[in-house]
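Before any comments, here is the structure.
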2 protein chains.
Amino acid sequence: MDKESQVFRALADQNRRILLDLLLESDQSVGDLSDKLTISQPAVSQHLQILREAGLVSHRKEGRQNIYSVDAEPLLSVASWLSKYDAFWDGKLDAFAGLINRKRN
Amino acid sequence: MDKESQVFRALADQNRRILLDLLLESDQSVGDLSDKLTISQPAVSQHLQILREAGLVSHRKEGRQNIYSVDAEPLLSVASWLSKYDAFWDGKLDAFAGLINRKRN
DNA sequence: TGAAGCCATAAGTGATTACTTATGAAGATG
DNA sequence: CATCTTCATAAGTAATCACTTATGGCTTCA
């Protein structure tokens, strides 16, 4: 499977997007993440593996904990793919540009 | 399934992204699209149905042909979701902004 | 050292996916 | 009308998915 499909597929699951959202707030251990979802710890580990394979998260060991953090680089290729649709957004593009500019200023 | 997952899932298949790319060039019939892919016509129809359910394409009948066209609006929510990662792109964000601005000017 | 905590991996399951071939409905054309 | 074109839908299949429970390897700590 090509890398782009792998990234989209990783993002296609709600629990995985929640995991990314949680990691966006702060790096966290698997246990911390598990406590915040309604699925089992192994399920969380499996989702994290898929996110890892898509390059969207990385992890470091701290004692017996495994601390995960976001790695947003693959999303750049998603953004690049999206940019092909600029012409179709017309006026709405300004709203989009506003969205991506919001945090810059 | 939530709408956002549906859009990501629709984009997670390479053939469906190719279909969108083709439709980005011009509105086309199912037969035209079929000729350009290596899968069967029913497979193309099935992919188009998934894209329709995600709101990414629409179609109009012209005689016995079914002409499909891109409907990019759902991609705005993808773009909005992506914007949460601005802070993680740091310097790379400029490249991203360049990408989305390219076609504007 | 031994018990407990943290986490990945294994194995099993039902649901979904992405295709195929077969078919039939609806519109154009002789 | 009879036929051909275009396309969606049906049915079947092998592969993949998202979970579960069970287990065991490390690490920490009493």
Side-chain angles (χ1 to χ4, degrees), chain A residues 1-23 26-71 74, chain B residues 1-23 26-71 74:
Chain A
M1 186 174 51
D2 64 299
K3 172 137 201 282
E4 203 150 44
S5 294
Q6 205 174 4
V7 174
F8 277 118
R9 210 172 289 270
L11 299 177
D13 183 273
Q14 173 139 55
N15 280 327
R16 286 196 287 270
R17 289 200 309 281
I18 292 175
L19 285 172
L20 286 175
D21 286 347
L22 290 169
L23 292 174
S26 65
D27 295 3
Q28 294 180 56
S29 70
V30 176
D32 289 341
L33 294 167
S34 268
D35 291 343
K36 292 162 185 162
L37 293 193
T38 59
I39 55 179
S40 66
Q41 170 268 312
V44 171
S45 282
Q46 287 157 17
H47 282 309
L48 288 170
Q49 183 181 7
I50 289 170
L51 291 170
R52 251 187 287 128
E53 287 166 0
L56 287 164
V57 301
S58 54
H59 65 300
R60 60 180 188 276
K61 290 210 73 172
E62 284 188 6
R64 55 190 162 183
Q65 298 199 113
N66 225 343
I67 310 293
Y68 278 78
S69 60
V70 170
D71 196 354
Chain B
M1 186 173 49
D2 63 301
K3 172 139 202 280
E4 202 150 46
S5 294
Q6 205 174 3
V7 174
F8 277 118
R9 210 174 289 270
L11 299 176
D13 183 273
Q14 173 138 53
N15 280 327
R16 286 196 288 269
R17 289 200 309 280
I18 292 175
L19 286 171
L20 286 175
D21 286 347
L22 290 169
L23 292 175
S26 66
D27 295 2
Q28 294 180 56
S29 71
V30 176
D32 289 341
L33 293 167
S34 267
D35 291 342
K36 292 162 185 161
L37 293 193
T38 58
I39 56 179
S40 67
Q41 171 267 314
V44 172
S45 282
Q46 287 158 16
H47 281 309
L48 288 170
Q49 182 180 8
I50 289 170
L51 291 170
R52 250 187 287 127
E53 288 166 358
L56 287 163
V57 301
S58 53
H59 65 299
R60 60 181 187 276
K61 289 210 75 171
E62 283 187 8
R64 55 190 162 184
Q65 300 199 111
N66 226 341
I67 310 294
Y68 278 78
S69 60
V70 169
D71 196 354

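Below, chain A is the first sequence line, B the second, and so on; all start at residue 1. Model, not experiment: these values are computed from the prediction.
- With DNA chain D read from its 5' end, the first of the two nearest nucleotides for Asn15(A) and Leu48(B) is the one closest to Leu48(B).
- When distances run from any side-chain atom of Ser45(A) to the nucleotides dT9(C), dA10(D), dC7(D), the shortest one goes to dT9(C).
- Results of the side-chain hydrogen bond (donor to acceptor under 3.5 Å, both in side chains) test with Tyr68(A) over His59(A), Arg60(A), Gln28(A), Arg52(A) single out Arg52(A) as the only residue that passes.
- Residue-to-nucleotide contacts include a donor-acceptor pair under 3.5 Å from the side chain of Gln46(B) to the base of dT20(C).
- Listed candidates were dC7(C), dT20(D), dT5(D). Nearest to the side chain of Arg64(B) is dT5(D).
- Listed pair Tyr68(A) / dC6(C) fails the phosphate criterion, with no side-chain N or O lying under 4.0 Å from OP1 or OP2.
- Remark: Arg16(A) is not in phosphate contact with dC17(D), judged by side-chain N or O atoms under 4.0 Å from OP1 or OP2.
- In this structure, Gln65(A) reaches the sugar-phosphate backbone alone: every heavy-atom distance under 4.0 Å involves primed, P, OP1 or OP2 atoms, never a base.
- Note on Asn66(A): a side-chain N or O is less than 4.0 Å away from OP1 or OP2 of dA8(C).
- Taking atom CG of Leu37(B) as the reference point, atom P of dC7(D) lies 14 Å away to the nearest angstrom.
- The distance from atom CG of Asp13(B) to atom CZ of Arg9(A), rounded to the nearest 0.5 Å, is 6.5 Å.
- One cannot find a donor-acceptor pair under 3.5 Å joining the base of dA8(C) and the side-chain atoms of Gln49(A).
- Residue Ile67(A) contributes atom CD1, which lies 11 Å from atom P of dA8(C) at whole-angstrom precision.
- Under 3.5 Å, the side chains of Gln41(B) and Ser45(B) contain a donor-acceptor pair of N or O atoms.
- Set against dT20(C), dC7(C), dC7(D), the side chain of Val30(B) has dC7(D) as its closest nucleotide.
- Looking at heavy-atom distances under 4.0 Å, Ser34(A) makes no contact with the nucleic acid at all.
- Atom CG in Leu51(A) sits 10.5 Å away from atom CD in Gln6(A) (nearest 0.5 Å).
- Two residues are said to be in side-chain contact when any heavy atoms from C-beta on lie closer than 4.5 Å; His47(B) and Leu37(B) fail this criterion.
- Comparing Asp32(A) and Arg9(B), the nucleotide of DNA chain C nearest to each residue sits closer to the 5' end for Asp32(A).
- Straight-line distance from the CD atom of Gln14(B) to the C1' atom of dA18(C): 14 Å, rounded to whole Å.
- In this structure, the CZ atom of Arg17(B) is 11 Å from the P atom of dA18(C), given to the nearest Å.
- When the side-chain nitrogen and oxygen atoms of Ser40(A) are compared with OP1 and OP2 of dC19(D), none of them lie within a distance under 4.0 Å.
- Here dC7(D) presents its C1' atom at 14 Å from CD of Glu62(B), a figure rounded to the nearest Å.
- One interatomic measurement links the two molecules: CZ of Arg60(A) to C1' of dT27(D), which rounds to 17 Å at whole-angstrom precision.
- Nearer to the 5' terminus of DNA chain D, by closest-nucleotide assignment, is the contact made by Arg52(B) (compared with the other of Pro42(A) and Arg52(B)).
- Residues Leu23(B) and Leu33(B) meet the side-chain proximity criterion, which asks for heavy atoms closer than 4.5 Å.
- Closest to the His47(A) side chain, of the nucleotides dC19(D), dA18(C), dT21(C), is dC19(D).
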